[in-house]
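Note: hydrogens, waters and symmetry copies are ignored here, and every other heavy atom, side chains too, is used. These numbers were taken from a predicted model, which means no experiment stands behind them. So you know, we letter chains A, B, ... as the sequences are listed, proteins then strands, and number each from 1.
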Amino acid sequence: MPQTDSQSTPIEVGADPVERLLAELNPEQREAVTHGEGPLLVLAGAGSGKTRVLTHRIAWLLATGRAGPEQVLAITFTNKAAGEMRGRVEELLGGVARRMWVMTFHAACARILRRDAQLLGYSSNFTILDEADARRMVKRCLEAIGADPKRFHPRAVRAAISRAKNALLDAAAYGDGGGSPFEQVVGEAFRLYERRMRDANAMDFDDLLVRTVEVLRDEQAGARWRRRFGWLLVDEYQDTNHAQYELLRLLASEHGNLTVVGDDDQSVYGFRGADIRNILEFERDFPAAHTVKLERNYRSTQTVLSAAHAIVSRNQGRKEKRMWTEAGAGEPVRVIELADEHAEARQIAAEIERLVADEGVSRDQIAVFYRVNAQSRVLEDILVRDEVPYQVIGGTKFYERAEIKDAIAYLSLLANPADEIAFGRAVNSPKRGIGATSQARLASHANTTGATIWEVAERPEKVPGLGKAAVKAVGRFVETIAGLHERAASAPPLADLLEATLSETSYLDTLEAERTIEAQGRLENLHELVGVAREFDAERAIEGESELTPLEEFLQQVALYSEQDGLHDEGGMVTLMTLHNAKGLEYDAVFVIGCEEGLFPHARSLEEGNLEEERRLCYVGMTRARRLLQLTYARRRMLYGVGEASIPSRFLGELPDELVEREGGLATLGWGPGTGPSPGIAPAPGPHPSYATGEDVVHASFGEGVVTAVEPDGIVVVRFAADGSERKLMADFAPLRRRSA
DNA sequence: CGTAAATGTTTTTTT
DNA sequence: AACATTTACG
């Protein structure tokens with residue numbers, strides 16, 4: 001039986017390790033941890049100790065001999081979460097934890113595909129494209145099929161393709177059945193996109209999932225992986241999409257040992273294909289499923305929990321959970337009105353300093369959340385001015401900076417010369433006199449001869465129309481890369497390879513010659529990347545086993561890097577991030593800024609009918625707070641270049657008065673001067689008063705009907721006599737009136 | 001071919 | 001307001 005061999009916890013003489021594992025759990029947690037074979041759904045509310053349940057369950061499976069470490073596949077949302085989970089299991093059981101697969105869906109898929117991609121006609125050194133590259137590829141496909149990129153935005157087309165893939169529709173299936181002009185263009189672009197991706201041996205994020213599903217559907221390979229992973233555990237299950245669901249279903253189809261942990265109230269990734277039905281209908285999809293609800297919260301005060309519940313409980317079709325705590329009521333939630341975003345930022349900065357100075361709160365226990373990244377700037381200005389140390393999570397990402405992408409492109413080219421995206425990026429940065437025209441000539445020659453762009457570049461003199469200077473420049477470029485490629489073959493430390501690459505391609509020299517502050521920053525970023533590589537080299541020296549070369553593994557790690565992975569909790573810094581990035585984290589004090597209609601909830605979400613997802617986002621943000629929670633809104637906000645008067649978020653009106661302390665503009669909450677009642681601020685809680693179920697009503701266009709239900713937010717459901725249809729209407733706005741008897 | 005200016009576009013959230 | 005892409009010019 002495995003032993004706790006490395007931990008500070010003293011091993012009591014005679015204590016049974018399994019008993020010790022269970023001793024620190026509450027009854028519900030224990031029920032989940034000790035569930036035997038078969039599907040298990042853990043509905044884990046915010047702060048209910050779900051990570052603890054997952055880690056202890058894994059440890060329990062291993063310690064009781066039910067599973068061997070190599071049979072465990074545990075899926076987390078970020079790489080950081082994966083590292084932490086592995087670490088905790090290791091704390092409980094020691095080194096055997098090393099051999100488990102604990103990683104994100106995408107990382108696990110990449111690893112499976114590195115082994116089995118040949119089955120699908122890919123070679124195992126395929127490249128992973130990030131969103132920007134994928135969009136560029138879509139754009140090129142649109143140009144190739146002669147679609148006007150003004151009318152058909154690459155972004156929108158890429159999104160449509162992504163949506164299709166997440167639903168496991170391939171290009172052929174998408175194209176069937178005609179559809180709107182947009183859909184036809186998407187279909188055509190989709191087919192070309194898939195062909196080109198395959199030719200380039202490249203995959204986008206969605207492909208990693210889709211192709212893995214294909215592998216698992218292969219009789220032999222599928223059976224191999226099913227046998228390999230006898231135990232599946234998935235965190236944040238509410239954020240899985242259809243492809244991920246199918247992947248799990250296939251893997252679990254024989255043994256059924258699938259544990260999923262999640263909270264339907266925290267499903268906030270619908271926009272990228274996550275399907276909340278996965279969690280809501282788990283018991284239907286896996287009829288043998290056992291369900292455990294974790295409703296005891298170990299994080300927040302009752303006030304925070306009740307306030308958050310008041311908001312999320314307005315959603316329809318959720319699984320009712322009511323979180324409780326023994327922590328006591330604590331401070332009221334503060335709701336504050338400020339004049340504009342600058343005043344808001346000043347208030348936050350001052351309040352942070354007050355918390356630090358007067359209440360002894362540590363800065364790294366304070367976080368500010370906002371809906372969109374653009375909101376961070378004003379706040380950063382003030383924090384810099386007031387010398388409040390802070391870190392921003394997200395925004396312009398390290399790995400999306402031009403110089404970093406260039407460096408990565410060079411490394412990709414060394415790993416996979418056929419990578420035309422990397423080629424296109426590297427070939428003319430720094431400037432080598434191989435501009436758009438020359439590149440187009442290379443590409444079109446590759447296209448007509450069926451060779452890869454690299455093969456074409458190796459014989460530049462054969463490319464029709466390529467100028468003399470360009471031929472020479474391409475020749476020099478190829479020579480440089482070939483030399484580096486040779487060097488890479490001997491598997492030198494990555495940091496050295498990267499440094500050699502940057503200097504031999506003259507990348508560093510060119511930047512240094514610029515002598516601008518900007519170039520200096522870029523050099524620093526590249527220096528940091530070398531540091532990352534060095535760290536990678538050091539870690540890898542310990543780890544060992546892998547089917548990839550170090551270079552390939554590094555590229556993969558970089559490609560699947562997520563923002564939260566870069567989060568550090570040392571350093572005494574306040575943390576700034578979007579509400580989406582906040583999931584899974586917790587802080588003593590939380591500030592949510594920009595609580596205004598149109599911003600939060602975001603106008604686009606409202607347009608697309610995603611109010612409930614916004615409400616869940618609000619729930620997520622609020623429940624990150626242990627004891628202090630402040631929500632602010634500005635009367636005026638300058639966003640995207642124009643200043644406009646704003647209306648307080650409807651979510652603020654949904655907070656029960658007894659839990660809230662309102663400051664500034666108390667009387668005006670919801671009623672700006674002369675603007676009349678604000679639609680967002682319905683009296684809370686309780687249904688809208690104007691209509692009652694069973695009342696007869698008349699609608700200006702649908703005619704006579706009867707109210708069949710009254711929902712929160714002033715929505716009434718009316719069945720109309722004329723056509724028997726049932727419609728949801730906004731009582732305040734719909735041309736609807738009571739029919740007097 | 002490269003640079004600079006002009007023009008247009010985009011601003012939800014991300015593995 | 002900031003950025004990317006396109007266009008015009010040297």
Which is true for [X] with a 4.0 Å heavy-atom rule: it touches a base, it touches only sugar-phosphate, or it touches nothing?
{"X": "D206(A)", "value": "nothing"}
{"X": "E613(A)", "value": "nothing"}
{"X": "Q244(A)", "value": "nothing"}
{"X": "F105(A)", "value": "nothing"}

* Output yes when D206(A) and R158(A) qualify as a salt bridge under the 4.0 Å nitrogen-oxygen rule, no when they do not. =>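 Counted as a salt bridge, because a side-chain N and a carboxylate O are separated by less than 4.0 Å.
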* Would you mind checking if E214(A) and R211(A) are paired as a salt bridge, meaning a charged N to carboxylate O distance below 4.0 Å? =>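 Yes, charged N to carboxylate O under 4.0 Å.
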Between [atom2] on [N] and [atom1] on [X], what's the gap in Å once rounded to a whole number?
{"X": "L617(A)", "N": "dT14(B)", "atom1": "CG", "atom2": "P", "result": "10 Å"}
{"X": "R158(A)", "N": "dT15(B)", "atom1": "CZ", "atom2": "C1'", "result": "11 Å"}
{"X": "H580(A)", "N": "dT12(B)", "atom1": "NE2", "atom2": "P", "result": "12 Å"}
{"X": "Y370(A)", "N": "dT13(B)", "atom1": "OH", "atom2": "P", "result": "10 Å"}
{"X": "Y269(A)", "N": "dT13(B)", "atom1": "OH", "atom2": "P", "result": "11 Å"}
{"X": "R604(A)", "N": "dT10(B)", "atom1": "CZ", "atom2": "P", "result": "10 Å"}
{"X": "R637(A)", "N": "dT12(B)", "atom1": "CZ", "atom2": "P", "result": "15 Å"}
{"X": "F369(A)", "N": "dT14(B)", "atom1": "CZ", "atom2": "P", "result": "13 Å"}

* To do: Would you mind telling me which residue lines up with the more 5' stretch of DNA chain B, E608(A) or G433(A), judged by nearest nucleotide?
  =>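 The answer here is G433(A).
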* Given that R135(A) and F205(A) both sit by DNA chain B, which one's nearest nucleotide is further toward the 5' end? ->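 That would be R135(A).
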Please state whether the phosphate of [N], meaning OP1 or OP2, lies under 4.0 angstrom from any side-chain nitrogen or oxygen of [X].
{"X": "T578(A)", "N": "dT12(B)", "result": "no"}
{"X": "N373(A)", "N": "dT12(B)", "result": "no"}
{"X": "K80(A)", "N": "dT15(B)", "result": "no"}
{"X": "H153(A)", "N": "dT10(B)", "result": "yes"}

* Using the P atoms only, state how far dT13(B) lies from dA4(C), rounded to an integer number of Å. =>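 Result for the P pair: 15 Å, nearest Å.
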* To do: Measure from the ring centre of F271(A) to the centre of the six-membered ring in the base of dT13(B), then say whether that distance is under 5.5 Å and the planes meet at under 30°.
  =>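 Check passed, F271(A) stacks on base of dT13(B).
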Donor-acceptor list for residues 601-611 of chain A side chains, cut-off 3.5 Å, not counting sequence neighbours:
from	atom 1	to	atom 2	distance (Å)
H602(A)	ND1	R604(A)	N	3.0
S605(A)	OG	E614(A)	OE2	2.7

Which nucleotide in [options] has an atom nearest any side-chain atom of [X]:
{"X": "R272(A)", "options": "dT13(B), dT15(B), dT12(B)", "result": "dT15(B)"}
{"X": "S605(A)", "options": "dT14(B), dA1(C), dT12(B)", "result": "dT12(B)"}
{"X": "K431(A)", "options": "dT6(C), dT12(B), dG2(B)", "result": "dG2(B)"}
{"X": "R155(A)", "options": "dT12(B), dT11(B), dT5(C)", "result": "dT11(B)"}

* Side-chain-base donor-acceptor pair under 3.5 Å for R371(A) and dT13(B) ->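 Result: at least one qualifying N/O pair found.
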* dT15(B) base / H106(A) side chain donor-acceptor hit below 3.5 Å ->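 A donor-acceptor contact between them is present.
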* Could you check whether the rings of F152(A) and F182(A) sit parallel, tilted or perpendicular, using 30° and 60° as the cut-offs? =>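 Answer is parallel, since the angle falls under 30°.
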* **Aromatic ring pairing W101(A)/W225(A), orientation class (parallel under 30°, perpendicular over 60°, tilted between)** =>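 Judged by the thresholds at 30° and 60°, the geometry between W101(A) and W225(A) is tilted.
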* Asked: Crowded around E143(A) CD? As in, over 12 foreign heavy atoms under 6.0 Å?
  ->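 Yes, the 6.0 Å shell around CD holds more than 12 heavy atoms from other groups.
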